[in-house]
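To start, the structure under review is shown below, and the notes come after it.
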Amino acid sequence: MSIETTPSSAPDPEWERLVDGYFGGPEKGPAPQAVATAPDSMGDTPLVPVWTRTPEGWKGRVAVGRVNSVRGFRRWVRRQATEHGHAAQTWRGIARTALWVQSVEGIQVAVAKQEAHHAHRDYKTAKWAHDKRLLPGKEKDKRRNDMTKASVASVSAMAGYKRARNEARAKRLVRGAAALSAVAVPEFVGLHLLGAPGGLATAGATLAAFALIGRRTRAGELYTDRDAKIGDGDRMTDEMVNRAYRDAKVIASDDVLKLLTPCTLTADGTAWQVEFELPSGTPAAKALGATAGLANAFGVSVQQMSQVRGEREDRIKLRVSLRIPFSSKPDRGPLLDVERVNLWRPIPMGVNLRGQRIDVSWVERSGLFGGEPGSGKSGAANDLLIAAALDPTVRMYLADGKAGADITPFEPIATMYDTDGDPDRLLEILQYIWGAEIPERRALAKEHGSRKLTEDMAAVDPRVCQAVLLVDEWSSYGAAAERKTREEMERLLRLIVQQGRALGIITLAATQKPDSDSVPTGIRDILSIRWAMRCMTPEASDTILGKGYAANGHNAQRILKSQRGVGIFMSGEAAEPELSRSDYYDDDEVALLLERAYALRKEAGTLPAAATPEVTILDYLIKAASGTGRGNVTRSEVFAYLATVDTAFVRDDDENDVRYASRAGSTLKDRLTELGVEVPAVQFPHEGKRVWGWTLEALRGVR
């Protein structure tokens, strides 16, 4: 192709501008002088800008060549581990050469051998039939003739087998000699003429010939990375990434992504990752919203794709998992190995796609966790509640609008709680926090000369502590409450979230149906930490994370049902959402952790009044009756148990059985009378006789 420069009668300005561009440099200013060349006899100007033949142009060419060489070398290295690698091609070439040497004569030899085997077997059968005695003369002659024919056929078949074997060996020997001479002769000549360098060069040429023979795979495919996909087991390459983003219509067909890091496999071998820069003018939101198309281009599921916005608007961090993430059993929860938690510090909440722990600071924060039933929302909320329980200084206010059993294990250590979904009880909790907790905390902050409560204050003043308010299923409370009650609850909750953050009050709202009815918009917008578990619609996902996140690729609807506890987590107002899995603690582990939390609070003297009820004599009776396992307890068994918990029932050294039973019975009667209950003794059979005592059913009935 050339550019016609012959002047015409009517000049074309656009054509002149195009032609002049090939003589100008990349910068504005006068074009450099053309390098003197031989006369152009054809009158054509080559399609090579003149500036490329200047020193600056040659430097640019060298830089481009260096980049292309590095990329080509990287592609070559990645190719070697596949079936298209040079080593694999060489072995295929050797194998195919060996098969050519062996050829198909082996089949003919095998057929001749089989025929000889059958002929010999027929001869043995005919001989056995002939050797039978007491046969008539004619039958004997007939069988002798059959035996003779079978013998001749056997000898002929054996001769055919030997002939076929010899012919096969001869042909293989010829082909083997031809193949070997093609290798040995050049090698000998190279060694003879050039010595060791010649031998090495000839050996390389021989291997290259074998590689050429084995270039095609057994499926007949030639090496190409134009259709390579991670889902097919191929490695991620620069070309694959560019092709995927072109196919997904993120970048134009002539655009190229600027890779800031090489395409690498993660240390644990579970995913490919790369960071790149988008072409000028292409927003990151366009790439984030094309997750489905990119997943198709890479040959993986949408759940395996993860794109995170980089430090700048034009940068993307791409991660493509080899398997669907978070589909295995979760690891052991880290709080099981912690004796005590300080809620002023970040606490473990889960792990992200890269296997890194998510430690969240809840100081001056509030949260919204949402997702459909069974998505793991309660398990994620439990991470905060368990951590708060293991900090004996934290006060806990818990309310469950669905009247479930999620917060029931926390009742003994909760300052106030509602497990019945009673809006009046929730209103009492909110009124107490607004009318008692917040004024007390505001006074403490003023006393310390600060606008907020901090960890440094808590270190020197035990009155400074944090509080956690959990409201699960606000919509259930709103549906059950009268209009004035609902409006007052919304007003108080909004004030607590707004003013309580600086005063150490952490508010966590959890809902199964994320919409404006579940958590009022005015409250939802000021909850900073978000965790969107599996949702039914993109709109529900946006309700938790914020408007527009689903369109940018952060859509909780794509989370699979098998990925329980998995959600899109956003740890603050400016944090980029990422797919994460919350830590999980089963019922037994929760019970173990709460036993530890109860002991810590009892030792620190921070148990709420409701958690330390007075133990009465009736409680001791019930424990004694429960301990027998029979459903009843005798008087002597009761007195023996009471003696271990109350000194008034300890037997004196000078008391006999009758006097001790009379005194202990009188003391027990007085204690029950003081309690205002009466539990008459009954008779029941025990160890072959009738005795006096109490039944567990009657004791519980009185209680």
Side-chain angles (χ1 to χ4, degrees), residues 75 78-79 82-84 219 221 223-259 261-266 269-279 282-310 314-327 353-354 532 534-539 541-542 545 548-563 566-568 576-579:
R75 286 194 295 269
R78 288 192 293 265
R79 173 184 173 184
T82 69
E83 63 177 349
H84 298 286
E221 301 171 347
Y223 172 74
T224 176
D225 59 355
R226 289 178 297 176
D227 299 323
K229 292 186 176 182
I230 293 177
D232 296 332
D234 296 311
R235 298 189 169 199
M236 178 184 283
T237 63
D238 304 2
E239 178 60 31
M240 180 191 295
V241 175
N242 278 279
R243 187 190 71 246
Y245 278 80
R246 292 189 189 108
D247 292 346
K249 308 301 181 184
V250 177
I251 61 176
S253 59
D254 56 346
D255 284 338
V256 178
L257 300 173
K258 180 181 178 182
L259 270 62
T261 63
C263 300
T264 57
L265 193 65
T266 56
T270 60
W272 288 97
Q273 59 185 15
V274 65
E275 183 176 359
F276 56 83
E277 187 175 298
L278 293 166
T282 303
K286 186 176 181 180
L288 297 175
T291 304
L294 292 170
N296 177 279
F298 284 115
V300 298
S301 66
V302 176
Q303 290 75 22
Q304 294 173 251
M305 290 288 304
S306 173
Q307 295 185 99
V308 179
R309 195 190 309 266
D314 59 345
R315 293 185 177 179
I316 294 291
K317 295 179 180 178
L318 171 66
R319 178 187 175 94
V320 183
S321 300
L322 300 181
R323 296 178 296 275
I324 295 178
F326 302 130
S327 55
L353 275 174
R354 293 174 293 281
R534 184 180 68 252
C535 296
M536 297 298 293
T537 62
E539 291 75 18
S541 178
D542 275 352
L545 298 176
Y549 276 101
N552 288 340
H554 305 293
N555 185 1
Q557 185 189 28
R558 293 172 177 165
I559 300 174
L560 301 176
K561 289 187 176 181
S562 59
Q563 295 175 299
V566 176
I568 301 175
E576 187 72 15
E578 63 176 339
L579 193 68

Do the side chains of [Y] and [X] get nearer than 4.5 Å, heavy atoms only?
{"X": "Leu257", "Y": "Pro279", "value": "yes"}
{"X": "Leu318", "Y": "Tyr245", "value": "yes"}
{"X": "Met240", "Y": "Ile230", "value": "yes"}
{"X": "Leu322", "Y": "Thr270", "value": "no"}
{"X": "Gln303", "Y": "Ile559", "value": "no"}
{"X": "Ile316", "Y": "Leu288", "value": "yes"}
{"X": "Leu579", "Y": "Ser306", "value": "no"}
{"X": "Gln304", "Y": "Ile324", "value": "yes"}

Main-chain N/O of [Y] paired to [X] side chain as donor or acceptor, under 3.5 Å:
{"X": "Glu275", "Y": "Gly310", "value": "no"}
{"X": "Arg235", "Y": "Trp272", "value": "no"}
{"X": "Arg319", "Y": "Leu353", "value": "yes"}
{"X": "Asp542", "Y": "Tyr549", "value": "yes"}
{"X": "Ser541", "Y": "Cys535", "value": "no"}

State, to 0.1 Å, how close [X] and [Y] come at their nearest heavy-atom pair, and which atoms those are.
{"X": "Met236", "Y": "Phe298", "result": "CE-CE2, 4.3 Å"}
{"X": "Cys263", "Y": "Val274", "result": "SG-CG2, 4.0 Å"}
{"X": "Ile568", "Y": "Pro577", "result": "CG2-CB, 3.5 Å"}
{"X": "Gly293", "Y": "Ala248", "result": "C-CB, 4.0 Å"}
{"X": "Asp255", "Y": "Arg246", "result": "O-NH2, 2.9 Å"}

In Å, rounded to the nearest 0.5 Å, how long is the span from [atom1] of [X] to [atom2] of [Y]?
{"X": "Asn555", "Y": "Thr537", "atom1": "CG", "atom2": "OG1", "value": "8.5 Å"}
{"X": "Lys258", "Y": "Arg315", "atom1": "NZ", "atom2": "CZ", "value": "7.5 Å"}
{"X": "Phe276", "Y": "Asn242", "atom1": "CZ", "atom2": "CG", "value": "9.0 Å"}
{"X": "Asp247", "Y": "Ser253", "atom1": "CG", "atom2": "OG", "value": "10.5 Å"}

**Any pair counted as salt bridge (charged side-chain N to carboxylate O under 4.0 Å, His left out), so long as it reaches residues 291-310, sequence neighbours left out** = Arg309-Glu313, Arg309-Glu576
**Request:** Report the C-alpha distance between Gln273 and Thr264 in whole Å, list the side-chain angles of each, state the deciding distance to 0.1 Å, and finish with yes or no for side chain to side chain contact (heavy atoms under 4.5 Å, CB included).
**Result:** CA-CA 6 Å; Gln273 59 185 15; Thr264 57; 4.0 Å; yes
**Message:** Set out, in order, the CA-CA distance, both residues' side-chain angles and the distance that settles side chain to side chain contact (heavy atoms under 4.5 Å, CB included) for Met305 and Val320, then state yes or no.
**Reply:** CA-CA 5 Å; Met305 290 288 304; Val320 183; 3.9 Å; yes
